[in-house]
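Only one structure is covered here, and it is reproduced in the block below.
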Amino acid sequence: MIRIRSSPLYLLAGAVVLFSTCIPRDAAAAFVAPTHTTDHDGTRATRIRRASTPTTDSASQQHDSDATSSSSGCPFSMAFPRYRIDLSSEKAAKKRFGSVKRGLGLFSGIKQGIDKATIERRYAKEARDGRLVFVDCTVDTNTLQNAKGELSGAVETSDLKKGNVSDEEWLSGLAGLRAIAQFWRIIADIADEDDSRLQPNQRKVISFVGATPLQIQRLTDIASWLEENMMGDTLHLCIDPDGEMPMPTIVIESRKTEANEAPVTDTSKDLPSAHVAEERIKTWVRRVLIDLKICPFTKSDSRSGQGLSDFAIPTGRISYQYSDSGPSNIPRLMADCWEGILEMAEAGPGGKTGISSILLAAPLFDDKFTLWCGPVFTMLEAGVGAAGAEPIIGVVCFHPRYATPDGSSWPGFGHMHSVPRLRKWMDEQDPQLSAKLSDDLIAAGGAWQRRTPHAVLNVLRANQLEAAESRRQSPQMYSRNIRVLVADEEDGGIGIDALTSDLERERNAFSSS
C-alpha cells in the first residue's frame, strides 16, 4: 500500500494558476529529517525498479478506482491524502559528499579536468566499459542571460532585480534543472532497458559537473521515496560509498531477477497521439480560459501572460508537450516533465523562442486522478525544491476528474483553493448567489476550473506567478468564475450538464475513425 505522509517540501508561495487561476497562498510546507535504508556496508541507499506488474495493481490500487469524492459523496470535492518526501538538509549532504563546490572562475575548466581524471581512476572498469557518465550541469553566461530574458530584451535587468533573485540563485537553479532532467532520463532508460551496457549485477556511475551535493542528495531522496511507496528492488541507487569524489557521484547497481525481467508497459488502444492531445488541450484553453474568461491573463491558445507588461513580464509562447508514460514507469514521466521544464527555463520568457508556460499532457493518467494529484505531484513539487528552482518555476495540477480540496487536509501547492475558502469568498463577494449554491456546487465551481481533457502538468514562471498574484483580486475572480460555471442559466451560469458534455466532446475530439 502507499504510505501516507504529510505534505512535501515546496518553497514557492503566492502562486497563481495556468495563466493564473489558483494556487493557495495560505499554507506552510513541512520538512523533517529524512529516513533511509542502510546497506550492509553502511552506505545509505535507495532502490528503484521497473515494475514487474503495473503499479496500480498493487501499491497504488487505491488510485485505479479514483473515487474523487468527499465523505459526503460529492463528486467535485475530496480530502487530499498528505504525502511527504523528506529532503536532506545541507548539513547531511555535506556529510555525505564533503565540501564539493561548483567550479567558477578562470581555472574552473582545469579543476574539472583534474576532478574527472580522479573519478575515472576510481571507477576505471566502469569508465572502460562506457558505464561512467559525466553529467554537465554548468551554466555559462549566455545561458544565464537568456534564461533571465536579457538577451531577447524581454526583461530589463533592473526590473528582474525587483524579485530579489540573485545571479547565484539563477545559476544554482538552472544547474539543478539540468541535473534533475538528466538524472531521471538515465534512471528511465535503465528501467526501460534502453541502456544495453548495464547488465545484471553491473553498476553505472554518474558524476554531476556543476551541481551541488545538496541537489544530488535530494534527487536520491525523491528516488528513495518512489521506491518505498510505489516500486520494488531491481535497481539499487546509492551515494558513492567512499564519499571521497571531488564531484557529487552516485552509483546505480542493476539487480534484475527472472521474476522482474519482462518489462511492463502501460498500453491503451485509445492513447491519443501528441498532436491529438495538443489539439484537445488547445480547444479547452479556448473554451474555458479565453471564451469564458476564467483566466484574466490568457487571451490566446498560443501565448500567455497578457496584461503583465508593467511588471516587466513579457507575453510568451505556450509550449504544448506530451508524455506517453504511465503508472508503470513514473521515472520516464519525470524525465519527460523535467526535460520540458529545463527547455522552458533556458529558452527565456519572451522573444521568438521564449516560453511563458507549459501544458504537458499525460493521457495514461486520465483515469488516475488520485495518483496524479498525489504521488506524481508530490514528486514534482519536491523536485522543484531539490533543484533549487523555486525562484524560476512553479507547477500546477489539472485533470479530467479534478476535485476541489474539501478543506480537511492540505493538498500541497499547485491545487485549487479549498471549498471553505471559496465559500467564504462567495459570501463576501456574491452573497445572493452564495445563498443559492450548495457546498457541492461551490466545489464544482472550483473543480471545473481545473478539468481538462487529459491529465495536465502546467508549469509557470515564478516571477509571472508573483506578478499575476499581485495584480488580480482573488475573491472577486473566483466568485465570478463560480457564477459563470455552475450558476443557473437565469443567474448567468453554464451549468454542470453543459460543462460535462463540452469536456466529453473535447476528450474524444480529433480521434481517427
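The structure presented is a predicted model; accordingly, all values stated were derived computationally and were not measured.
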(request) Evaluate the salt bridge (Lys or Arg N to Asp or Glu O under 4.0 Å) criterion for residues R401 and D366: first the C-alpha distance (whole Å), next the side-chain angles of each, then the deciding distance (0.1 Å), finally the verdict. (result) CA-CA 8 Å; R401 299 183 180 181; D366 286 357; over 6 Å; no
[X] (side chain) donor-acceptor with [Y] (main chain) under 3.5 angstrom:
{"X": "Q182", "Y": "R178", "result": "yes"}
{"X": "Q215", "Y": "A387", "result": "yes"}
{"X": "D136", "Y": "T138", "result": "yes"}
{"X": "R461", "Y": "M344", "result": "yes"}
{"X": "S224", "Y": "T220", "result": "no"}
{"X": "S172", "Y": "W170", "result": "no"}
{"X": "N146", "Y": "A347", "result": "yes"}
{"X": "Q145", "Y": "N142", "result": "no"}
{"X": "D406", "Y": "S77", "result": "no"}

(message) Apply side chain to side chain donor-acceptor pair (under 3.5 Å) to residues T143 and D140 and explain how you reach the verdict.
(response) CA-CA 5 Å; T143 300; D140 59 30; 2.7 Å; yes
(message) Please evaluate residues E126 and R203 with respect to the criterion salt bridge (Lys or Arg N to Asp or Glu O under 4.0 Å), reporting the C-alpha separation (whole Å), side-chain torsions for both, the decisive distance (0.1 Å), and the verdict.
(response) CA-CA 8 Å; E126 286 76 17; R203 61 184 187 176; 2.8 Å; yes
(request) List the steps, then state whether side chain to side chain contact (heavy atoms under 4.5 Å, CB included) holds for M78 with F80. (result) CA-CA 6 Å; M78 64 176 278; F80 279 65; 3.6 Å; yes
(message) Using the rule given for side chain to side chain contact (heavy atoms under 4.5 Å, CB included), can you reason through Y402 versus H415, listing the C-alpha separation, both sets of side-chain angles and the distance that settles it, and then say yes or no?
(response) CA-CA 10 Å; Y402 192 87; H415 288 287; 2.9 Å; yes
(request) Go through the steps for D189 and R332 under the test salt bridge (Lys or Arg N to Asp or Glu O under 4.0 Å), then give the verdict. (result) CA-CA 8 Å; D189 286 348; R332 185 152 60 91; over 6 Å; no
(message) Pair R280, H454 - check side chain to side chain donor-acceptor pair (under 3.5 Å), show working.
(response) CA-CA 8 Å; R280 290 172 178 174; H454 296 297; 3.2 Å; yes
(request) Show your working on side chain to side chain contact (heavy atoms under 4.5 Å, CB included) between V205 and R131 and close with a plain yes or no. (result) CA-CA 6 Å; V205 181; R131 290 182 280 109; over 6 Å; no
(request) State, yes or no, whether a side-chain contact exists between I358 and N458 at a heavy-atom distance under 4.5 Å. (result) no
(request) Would you mind reporting whether I355 and E343 have side-chain heavy atoms less than 4.5 Å apart? (result)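 Side chain of E343 against side chain of I355, heavy atoms only: contact under 4.5 Å found.
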(message) Checking H275 against Y322 for the side chain to side chain donor-acceptor pair (under 3.5 Å) test, could you report, in this order, the C-alpha distance in whole Å, the side-chain angles of both residues, the deciding distance, and whether it holds?
(response) CA-CA 9 Å; H275 172 72; Y322 177 84; over 6 Å; no
